[in-house]
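Structure first, commentary second.
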Amino acid sequence: MKTAIVPTRAENYPEWYQQVIKAADLAENSEVRGCMVIKPWGYTIWENIQKNLDEMFKDTGHVNAYFPLFIPKSYFEKEAEHVEGFAKECAVVTHSRLEDDGNGGLKPAGKLTEELIVRPTSETIIGASFSKWVNSYRDLPLLVNQWANVVRWEMRTRLFLRTAEFLWQEGHTVHESKKCALEETFKMLDVYAEFAEKYLAMPVIKGEKTASERFPGALQTFSIEAMMQDKKALQSGTSHFLGQNFAKASNIKFQSKEGKEELAWTTSWGVSTRLIGALIMAHSDDDGLVLPPKIAPKHIAIIPIYRDDEQRKIVMNFIDEMVTKIKEQRYDEKKIRFEIDDRDLRGGEKIWNWIKKGVPIRLEIGARDIENNSVFMGRRDKAAKDKTSLNVDEFINSLPNILDEIQNNIFQKALKFRRDNTFKIDDKAEFYKFFTAKNNNEIHGGFANSHWCGSSACEEKIKDDLKVTIRNIPQDAKKEDGNCICCGNKSKKRVIFAKAY
RNA sequence: CGGGAUGUAGCCUAGUUCGGCUUAGGGCGCCGCAUUUGGGAUGCGGAGAUCGGAGGUUCGAAUCCUCUCAUCCCGACCA
């Protein structure tokens, strides 16, 4: 059978991923090394992610603000672990001007007295502001978010998953107690999990990161982890309890009710354009992108089918009438997003175009449909050739239901995939076998729910042997006596082991 | 930052070993016309390349030499 994407997932998963992005026109590599150009179809997905998440942030009491792209080196140096974690991947601005180099080119001039770092994350620069903003317990909690770009100078990059510059959102909050800060950390982890499952239709596991995977400078890091279709894990969002480390570094202090000067407690949390990569790998198939309706740039692609100008008029009139009614419908409390594709291309080509772009609903409308006052509908959650004829009014009235159904089907499918590929493994040999491919391109492994004694030596050993890491310690893990999958020592609970992006 | 490789049109690529038979050939894509049109069309025609850059050897260089720039792959690192 011919697939729209070559190679298929089974043949070569990484190449398939690239081809899906290309076929859906989501993004392309830029001339600038490691950076990507996000094209309109991809960027609209990001806008829809932003819109919905932003609303969730506002609903939990957060406000948006914007802080500088440049961080003075001295700010950055204040938190030792933070420096250690990010130092190797920072872009540094050293000059402020360009001068003629005498060879027809330019050379940097105007050396800065203090070098500036292009933010890889903004804890330190936001902390500098926060220290001024926070004086009293009455100023707390301070709940701020910013939508921004950040730069991390990565060696190996992949569109959406890892690029030198990426777009994200970083929340930064200040609290008067450890308890309040921890509550915030968990609250935002919950927001991320809810967003991933409700909007991206992507089931995630909430849990705590081990020490080795912790955000540099954090006391505790929590993540949501999703399973991709190659059975690898993708960290899709993180929420950090920063304790008083950054408050100390940035001098964020307040006077308590009792009149005592106290060091504040902070959190930070973020998701990035990586979510688009997650979306692609969680749902797409060998015919291209599959988008959950809630974040799809368009819900419906309407494809008029006609032979000549006369027919065209009739078809377009019919569509115009239908569209007026579609405009009155609402899905997820928002307008229905549709596009009439009247490009001068062959019908089949257009249809495949929209399949590859992942549009949830395709409508083909030609003379036959007009005769019956019906539409010919294809759904992206079904096979490409599985199409049904529906009465126009019936279609329009059930539109929100159809979209809900697609959203839900996509989620259930991803959930089933994760269930089918998650195993409790208690035997070391079995564990090693589980994570060893029989041949090169084979998709293997999955999530191993196994016991871990808590030692970083065991974690390291597994990583060296199998390239498998502890994705997180699930929040809902029950207390259970067992033996560490690596050393056999006593363990109190199971963690998620998997290969990861 | 270590090891390997490659640069020919928007993309993929032939030619490079052994310099001349090439006005640098083909495919995809693009443009035009015709026939088509309810599942990725076909035919004909057309535009598009100073062969990564600089220098050299030669009657003659995509091809040989020197330098240079860029990119990719494999390792260490990572949302």
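Numbers restart at 1 for each chain; the letters A, B, ... are given by sequence-line order, proteins then strands. Because only heavy atoms are used, hydrogens play no part in the values below, and waters and symmetry mates are left out as well, while side chains stay in.
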| request: Classify the side chain of Arg346(A) and the base of U36(B) as holding, or not holding, a donor-acceptor pair under 3.5 Å. | output: yes

| Closest to the Glu154(A) side chain, choosing from G38(B), U37(B), C77(B) | C77(B)

| remark: Between CD1 of Ile224(A) and C1' of A79(B) the distance, given in whole Å, is 12 Å

| Ring centre gap for His82(A) and Phe215(A) strictly below 6.0 Å | yes

| query | When the C1' atoms of G2(B) and A9(B) are considered, how many whole Å apart are they? | reply | 36 Å

| request: Map Lys467(A) and Thr238(A) onto RNA chain B by nearest heavy atom, then report which one ends up closer to the 5' terminus. | output: Lys467(A)

| remark: In B/S/- notation (B base, S sugar-phosphate only, - none; protein heavy atoms under 4.0 Å), nucleotides 1-10 of chain B written 5' to 3' is B---------

| Arg214(A) has an atom CZ; how far is it from atom P of A79(B), in whole Å? | 14 Å

| task | To the nearest Å, give me how far apart CD (Glu364(A)) and P (G40(B)) are. | result | 11 Å

| task | Could you say whether Gly348(A) or Tyr501(A) is positioned toward the 5' end of RNA chain B, judged by the nucleotide with the nearest heavy atom to each? | result | Gly348(A)

| query | What is the distance from NZ of Lys209(A) to P of A79(B), rounded to the nearest Å? | reply | 8 Å

| note | Rounded to whole Å, CZ of Arg362(A) lies from C1' of G38(B) at a distance of 13 Å

| task | Using a heavy-atom cut-off of under 4.0 Å over every strand shown, decide if Lys387(A) touches base, sugar-phosphate, or nothing. | result | base

| said: If the threshold is 4.0 Å, N to carboxylate O, is there a salt bridge linking Arg312(A) and Asp342(A)? | reply: yes

| field | Phosphate OP1/OP2 of G38(B) contacted by Arg368(A) side-chain N/O (<4.0 Å) | value | no

| task | For the side chain of Lys88(A), starting at C-beta, report the closest nucleotide among U37(B), C77(B), G38(B). | result | C77(B)

| Presence of donor-acceptor pair under 3.5 Å, side chain of Asp369(A) and base of G38(B) | yes

| message | Is Phe166(A) stacked against the base of A79(B), taking the criterion as centroid distance under 5.5 angstrom and interplanar angle under 30°? | response | yes

| field | Pairwise P distance for C74(B) and U37(B), with rounding to whole Å | value | 48 Å

